[in-house]
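Taking it in order: structure first as structure tokens, then the write-up.
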Amino acid sequence: MRLTKYFLPVLKEEPKEAEIVSHRLMLRAGMIRQQASGIYSWLPLGYKVLQKVQRIIEEEQNRAGAIELLMPTLQPADLWRESGRYDAYGKEMLRIKDRSDRDLIYGPTNEEMITDIFRSAIKSYKDLPLILYHIQWKFRDEIRPRFGTMRSREFLMKDAYTFDLNQENAVKSYNKMFVSYLRTFYRLGIPAIPMRAETGPIGGDLSHEFIVLAKTGESEVFCHADLLEKNIPSIDLDYDGDLSKIVDDWTSLFAATEDVASEEDLIANVPSDKRISARGIEVGQTFYFADKYSKPMGADVTDSNGKQVSVFCGSYGIGLTRIVPAIIEASHDENGIIWPISVAPFEVILINLRAKDDECSNVCQDIYNKLKKANIDVVYDDRDQGAGAKFATADLIGIPLQLIIGPRGVKSGEAELKIRKSGEKENIPLENAVQKIIDLIVPNRRDKD
RNA sequence: CGGGGUAUAGCUCAGCUUGGUAGAGCACUGGUUUUGGGAACCAGGGGUCGCAUGUUCGAAUCCUGCUGCCCCGACCA
């Protein structure tokens with residue numbers, strides 16, 4: 001992509017409405033635009049990140065055996081009357097009527113609808129286990145939306161639902177989602193720690209929140225420091241094998257949110273040099289809730305004895321529109337965002353310091369073509385602007401690598417390569433630039449390990 | 001929903017106290033000179049002053065009502 005042909009409305013000044021750093025940076029980097037309280041447009045740069053996040057989540061869900069579908073945003077109220085949640089959910093649920101005066105709701109979640117889909121098609125234990133998921137916009141009319149897309153009213157969420165014959169199998173499905181979340185957050189470049197959590201209005205008795213430690217986190221969390229150093233299950237993992245060892249390993253060390261634990265619990269369960277008491281952002285949650293919906297909604301299957309039994313279920317959410325600011329909260333400096341390669345809107349920015357100079361532009365164009373050909377996600381800053389403005393923009397939007405080419409370098413046959421994260425700069429021969437970038441990017445995409 | 005703020009150009013803000021028909025910086029357009037960390041100069045374009053009502057010869061400014069947005073709290077992916 002050439003910057004002269006792109007839509008990147010960066011802001012030089014601090015937007016006054018934004019309090020936390022991720023919100024400020026998303027506005028300044030031209031990623032989002034607020035349309036109403038808690039409702040945002042995703043501008044090209046932000047949308048590109050959101051799509052990369054989505055792709056990683058899909059890959060890891062699929063790998064774990066979950067099957068993607070797509071349910072609508074609008075749902076008939078009757079489904080929610082069946083589960084009893086139409087009245088229970090309160091004003092947070094947006095209720096609307098169509099032209100025939102039928103009650104509809106804009107889905108805040110999809111347990112009812114997925115249960116309806118399940119019961120219409122699945123009648124036998126032989127079709128279990130089943131894991132279905134979708135990625136769709138949700139609406140929760142929060143009393144107070146805040147922090148940009150971190151707590152918005154309209155938000156994009158991945159929600160998966162597991163269906164099993166009995167509790168033992170349901171726990172196996174739970175473990176699949178648990179492990180896939182470990183891998184998902186690893187690939188997204190955010191160290192998320194699974195913590196024991198309250199089950200909330202959805203109900204059930206087995207639940208973890210996946211928490212990113214960040215100063216601006218909304219809740220207080222407590223955990224064992226070794227959880228930050230744990231190994232992530234590899235891409236070769238067999239999801240049909242025994243996952244309980246991995247889950248046990250991760251859940252044996254103390255980790256809990258303020259809803260279910262206190263500082264005293266931390267002190268009682270963790271040696272003093274390993275205690276972490278911090279703020280955290282919840283980026284995902286896993287719930288097991290057994291037959292809470294399947295029973296009232298009649299989602300039964302026939303078991304091997306010919307008996308009708310309600311299926312055992314769980315639901316598993318990841319807020320994609322929250323992931324993006326969470327990554328920024330965890331990875332930025334005073335100059336702007338620092339994207340992990342796996343979700344960066346572009347992997348490298350090619351900075352032409354003298355767009356009006358033919359010689360310089362020819363060199364840039366050649367390198368740009370080669371990078372594209374090598375499937376490197378490159379953006380080419382071919383704008384006719386001062387060097388300072390270009391550097392500032394590159395830092396702000398957080399592209400992991402900056403390849404800087406000016407007339408001076410063209411004469412000496414060198415380009416400057418800057419690593420956004422470390423600030424490290426290195427002069428490299430122009431003819432090695434493309435290969436050097438490939439070597440720095442490709443092994444670090446986290447899509448092969 | 002309670003409490004506190006705020007609303008003037010695309011953005012950040014001044015003007016309001018004391019009413020006289022709207023300004024700066026940045027951004028934008030044209031031009032000239034520049035060019036390795038947010039360039040300089042010249043010339044331009046751009047505003048129903050959140051909305052409505054009232055007071056007044058005259059309202060961005062004063063009164064009243066409403067709305068949006070932000071912050072603090074309870075609620076939440």
Side-chain angles (χ1 to χ4, degrees), chain A residues 9-20 23-24 27-28 30 33-39 57 89-93 107-110 135-160 181 192 197-202 207-212 218-219 257 259 280-287 315-326 335-336 351-357 360 381 383-396 402 404-412 414-416 418 423 425 427:
Chain A
V10 298
L11 305 177
K12 208 158 152 183
E13 292 181 77
E14 293 289 341
K16 66 169 175 182
E17 75 265 23
E19 190 70 8
I20 66 169
H23 189 193
R24 280 204 303 271
L27 289 167
R28 286 196 55 211
R33 177 173 173 82
Q34 183 175 26
Q35 305 296 163
S37 179
I39 299 178
I57 292 172
Y89 220 97
K91 293 182 78 173
E92 213 176 84
M93 187 158 74
T109 178
N110 285 64
I135 294 174
Q136 177 62 288
W137 290 92
K138 309 292 192 293
F139 192 89
R140 294 182 189 173
D141 202 354
E142 300 276 350
I143 295 167
R144 184 149 96 88
R146 64 184 120 171
F147 303 151
T149 66
M150 185 85 84
R151 173 165 305 295
S152 51
R153 294 192 293 173
E154 187 185 42
F155 59 98
L156 187 62
M157 179 165 85
K158 186 283 301 183
D159 37 327
Y181 275 24
E198 212 172 39
T199 49
I202 284 187
S207 173
H208 291 89
E209 285 183 7
F210 285 71
I211 301 278
V212 180
E218 286 192 277
S219 50
T257 66
D259 296 332
I281 300 167
E282 182 192 343
V283 288
Q285 182 152 25
T286 52
F287 282 115
S315 74
Y316 310 84
I318 295 178
L320 310 234
T321 44
R322 171 180 285 186
I323 291 280
V324 176
N335 296 320
I351 299 177
N352 182 350
L353 288 176
R354 198 72 56 84
K356 281 189 165 168
D357 181 297
C360 190
D381 188 350
R383 299 170 305 166
D384 181 25
Q385 282 197 357
K390 293 192 169 210
F391 294 143
T393 299
D395 285 350
L396 174 64
Q402 301 173 9
I404 301 156
I405 296 175
R408 210 164 75 192
V410 168
K411 274 202 182 62
S412 62
E414 285 187 322
E416 184 179 295
K418 177 178 162 182
K425 294 178 198 167
N427 286 322

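Please read these numbers as outputs of a predicted model, since none were measured by experiment. We use all heavy atoms of the structure for the numbers below, so side chains are in, but hydrogens, waters and symmetry mates are not. Chain identifiers are assigned alphabetically (A, B, ...) following the order of the sequence lines, protein sequences preceding nucleic acid strands; residue numbering begins at 1 within each chain.
Listed candidates were B/A77, B/C70, B/G73. Nearest to the side chain of A/Ser37 is B/C70. Among B/A77, B/C71, B/C13, the nucleotide with an atom closest to any side-chain atom of A/Lys16 is B/C13. In this structure, of B/C75, B/C71, B/A77, it is B/C75 that holds the atom nearest to the side chain of A/Glu92. Minimum atom distance to the side chain of A/Ser152 is reached by B/A77, of the listed B/G25, B/A77, B/C72. Considering only side-chain atoms of A/Arg146, the nucleotide from B/A77, B/U12, B/G73 that sits closest is B/G73.
At least one side-chain heavy atom of A/Leu320 sits under 4.5 Å from a side-chain heavy atom of A/Ile57. Using a 4.5 Å heavy-atom cutoff, the side chains of A/Met150 and A/Ile281 are in contact. Taking the side chain as every heavy atom from C-beta outward, A/Lys16 and A/Arg24 never approach each other to under 4.5 Å. For the pair A/Arg322/A/Glu282, a side-chain contact is recorded, criterion being any heavy-atom separation below 4.5 Å from C-beta on. The shortest distance between side-chain heavy atoms of A/Thr109 and A/Arg140 falls below 4.5 Å. Contact annotation: the side chain of A/Ser37 approaches that of A/Pro145 to within less than 4.5 Å [non-hydrogen atoms, C-beta and beyond].
With both pairing distances under 3.5 Å, B/A43 is matched to B/U29 as a Watson-Crick or G-U wobble pair. Remark: B/C1 base-pairs with B/G73. Criterion, Watson-Crick or G-U wobble with two distances under 3.5 Å. In this structure, B/C66 and B/G50 make a Watson-Crick or G-U wobble pair, each of the two defining distances being under 3.5 angstrom. When both distances must be under 3.5 Å, the Watson-Crick or G-U wobble mate of B/A22 does not exist. Under the Watson-Crick or G-U wobble criterion, with both distances below 3.5 Å, B/U17 is left unpaired in every strand shown.
Across the interface with RNA chain B, nearest-nucleotide mapping of A/Ile20 and A/Leu156 shows A/Ile20 to be the residue nearer the 5′ end. For A/Thr321 and A/Lys91, each mapped to the nucleotide of RNA chain B holding its nearest heavy atom, the one lying further toward the 5' end belongs to A/Lys91.
A/His208 has its NE2 atom 16 Å from the P atom of B/A77, to the nearest Å. The CZ-P distance, from A/Phe147 to B/A77, rounds to 16 Å in whole Å. B/C75 atom C1' lies 11 Å from atom CD of A/Glu218, rounded to whole Å. Atom CD1 of A/Ile39 and atom C1' of B/C69 are 13 Å apart (whole Å). In this structure, the CD atom of A/Glu14 is 16 Å from the C1' atom of B/G25, given to the nearest Å. Put simply, CD1 on A/Ile143 is 15 Å from P on B/C72, counting in whole angstrom units. Distance, A/Gln285 CD to B/A77 P: 6 Å, rounded to whole Å. To the nearest angstrom, P of B/C1 lies 15 Å from CD of A/Glu142.
Between the C1' atoms of B/A60 and B/U8, the separation comes to 7 Å (whole Å). Across the P atoms, B/A22 and B/U61 are found 14 Å apart, a figure rounded to whole Å. Separating the P atom of B/U18 from that of B/U64 is a span of 15 Å, rounded to the nearest Å. B/U21 sits 24 Å from B/G25 when the C1' atoms are compared, rounded to a whole Å. Rounded to whole Å, the P atom of B/C49 lies 25 Å from the corresponding atom of B/G44. Here the separation of B/A59 from B/G20, taken at their C1' atoms, is 10 Å to the nearest Å. Separation of the P atoms belonging to B/C26 and B/C41 is 8 Å when rounded to the nearest angstrom. Here the separation of B/G45 from B/G23, taken at their P atoms, is 12 Å to the nearest Å.
When the side-chain nitrogen and oxygen atoms of A/Gln34 are compared with OP1 and OP2 of B/C70, one or more of them lie within a distance under 4.0 Å.
Contact annotation: side chain of A/Glu17 to base of B/G68, donor-acceptor pair absent below 3.5 Å.
Note on A/Ala18: nothing from the nucleic acid sits closer than 4.0 angstrom, heavy atoms only.
For A/Lys138 and A/Asp159, the salt-bridge test passes: some basic side-chain N is under 4.0 Å from an acidic carboxylate O. Using a 4.0 Å cut-off between charged nitrogen and carboxylate oxygen, A/Asp395 and A/Lys390 do not count as a salt-bridge pair. A salt bridge does not link A/Glu19 with A/Arg146: every distance from a Lys NZ or Arg NE/NH1/NH2 to an Asp or Glu carboxylate oxygen is 4.0 Å or more.
A/Ala355 approaches A/Arg383 most closely through the heavy-atom pair CB-O, 3.6 Å.
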Taking protein heavy atoms under 4.0 Å as touching, what does nucleotides 31-46 of chain B look like 5' to 3' if B marks base contact, S marks sugar-phosphate-only contact and - marks none? ----BBBB--------

